[in-house]
Amino acid sequence: MKPTLPQGTRDFSAQVIRKRGYIFDTIRTVFELYGFEPLETPALENLDTLTGKYGDEGDKLIFKILNNGLDNSQKHEQAKEDFKKILRGKSVKTLTEKALRYDLTIPFARYVAMNYGQLTMPYKRYQMQAVWRADRPQKGRYREFYQCDADVVGSYSFMYDAEFAFIYWEVFKRLGIDIELNLNNRKILTSLAALCNATDKMMSITVAIDKLDKIGIEKVKQELEKNGLGPRQIKIIEDYLNIKGTNQQKLDSLKTLFLNIEEGKKGIEELEFILSLLHDAPEGAFGKPKVNIHLTLARGLNYYTGVIYEVKAKNIEIGSIGGGGRYNDLTGLFGVPDMPGVGISFGVDRIYDVMDELNLFPEKMQKGATALFFNMGTEESKFAFFQMQQLRAKGISCELFPEPAKMDKQFKYASKKNINYAVIIGSEEIKTQSCVVKDLVKNEQVTIGLNEIKDYFTK
RNA sequence: GUGGUUGUAGCUCAGCUGGUUAGAGCAUCAGAUUGUGAUUCUGAGGGUCGUGGGUUCGAGCCCCAUCAUCCACCCCA
């Protein structure tokens, strides 16, 4: 048979892993710098832990796992009955009770709910693991991909909301990606729906206005109309969409709009606090985060209740490369009420695609071992092997060509594996206790004593 | 879930309105060159044209099905 990969998954070769590792390391470094500690959770969760947390569309994209043991003939009749329920769109525990993790936030909430007694609050954790979605793959979209999340639970402080803006900024500065960091507040969106007297239609309103940049005002109005909103309501939304200017000007316009809506005023205050903190902060090594109040930013996850973030890469069309927000009751569904939190996520695979396309990976990542020892014959190679072991003991990576092949071939092997130095020890060199070290990049070579090799590579 | 694209050598692709033994570049291997490559020259190997059916005297090319791929929509990292 011809083997294939499941749709939307990939193998990662050495080069790709090195580059991905560079992204992971950068993110991890910043997370640690801000005092977050690591957490890992299983790839599998109980299906009912996940369902209902991501909206109707999200639920459809959860990978469900078929239970084992269904081939037991005594259970066939029951299984057939249960399968009919599946066809009606219900999930049935006797057929499927486990699912692959859809994101990192809900498993984190589950963990907090199970362990909150033991955790030091506020609990700051980061998590870098794969997640799975049964989506159709396309550009920048995979069925298995990695997220790097940082969340804080157990605090209402908006200091944290601002801190995440710094984290986003710092990570992408370190990676060399120019970003647009957009902020909005779920409270503002709810207030808009309230203003329209359409609190129940809040989701469809936000979904529609989120597309403004993409499809334009007319199409947005059409979609609102299709969702059952009347002309007066659409007019209110249109006025909202016409709010423009600097961040402060936008917030000022909102203030007059939400004059009688407490929640809206709170949302504005929250954003103002974050903006002031960013504004007054000293210029750090990576500058100050530049954020953009983006009133049409929605984000699909329905557990957000406050500030929401979205990161887009400039100069490239790939969707968002990060997102997050504040939620005031994430663990409530798991029996632990009043557990506020805020968190963000990095989409590693899209960040990789951006960096690859814009050529942002540093040269030095592509390196293989430091040196290749040439194989100049059976006896010579044994000698070279022992020399090599001494270098390895000093932490210098090297390898030996396995057969006494033509030098031409050994050189090509070295350059293909991005090895910078060739070490040649033939019978002559053994006699004189020396070796030839050739710098394959500069195309220069020197003959040095065997006892000098270590120094040559550690200099 | 809906719509479309593509599938030919290890890789990237040519292949005319259906017509003999299906081509190129790169890669691989061998030789010119028994200790100096990435940047020389010569030669060689490698394909049941995604798979299964059909139309035809004849199919890589047309039709149907199926699988895979990429792209767009929905939604999202």
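Side chains are part of it too, since the values below use all heavy atoms of this structure and drop only hydrogens, waters and symmetry mates. So that the names make sense, note that chain A is the first sequence line, chain B the second, and so on, each numbered from 1.
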- Query: Tell me, which stems hold RNA chain B, with a stem being 3 or more Watson-Crick or G-U pairs in a row and both distances under 3.5 Å?
  - Reply: B:1-4 with B:70-73, B:10-13 with B:23-26, B:28-32 with B:40-44, B:50-54 with B:62-66
- Query: Base, sugar-phosphate, or nothing: which does A/Tyr142 touch, judged by heavy atoms less than 4.0 Å apart?
  - Reply: base
- ring-ring contact (aromatic ring centres under 6.0 Å, His included) partners for A/Tyr160, two or more places apart: none
Scan the side chains in residues 436-447 of chain A for donor-acceptor partners under 3.5 Å anywhere in the protein, sequence neighbours excluded, and list what turns up.
residue: A/Lys438; atom: NZ; partner: A/Asn443; partner atom: OD1; Å: 3.3
residue: A/Asp439; atom: OD1; partner: A/Val441; partner atom: N; Å: 2.9
residue: A/Asp439; atom: OD1; partner: A/Lys442; partner atom: N; Å: 3.0

- Query: Under 4.0 angstrom, heavy atoms only, what part of the nucleic acid is A/Glu429 near: base, sugar-phosphate, or nothing?
  - Reply: base
- Report which part of the nucleic acid A/Leu440 touches: base, sugar-phosphate, or nothing (heavy-atom distance under 4.0 Å, all strands). base
- Query: Residues two or more places apart in sequence or in another chain: which of them pass ring-ring contact (aromatic ring centres under 6.0 Å, His included) with A/Phe12?
  - Reply: none
- Message: Quick check: A/Phe24 with A/Tyr146 (ring centres under 6.0 Å apart)?
- Response: yes
- Check every strand shown and say whether A/Ser415 touches a base, only sugar-phosphate, or nothing at a heavy-atom separation below 4.0 Å. base
- Query: Which residues in residues 315-327 of chain A have at least one heavy atom lying under 4.0 Å from any atom of RNA chain B?
  - Reply: A/Ser320, A/Ile321, A/Gly322
- Task: Taking only the side-chain nitrogens and oxygens of A/Lys60, find out if one of them lies under 4.0 Å from OP1 or OP2 of B/C74.
- Result: no
- Message: Just to verify, what does A/Phe334 make a ring-ring contact (aromatic ring centres under 6.0 Å, His included) with, not counting sequence neighbours?
- Response: none
- Note on the structure: Quick note, A/Ile424 side chain, CB onward, closest among B/C75, B/A77, B/U36 is B/U36
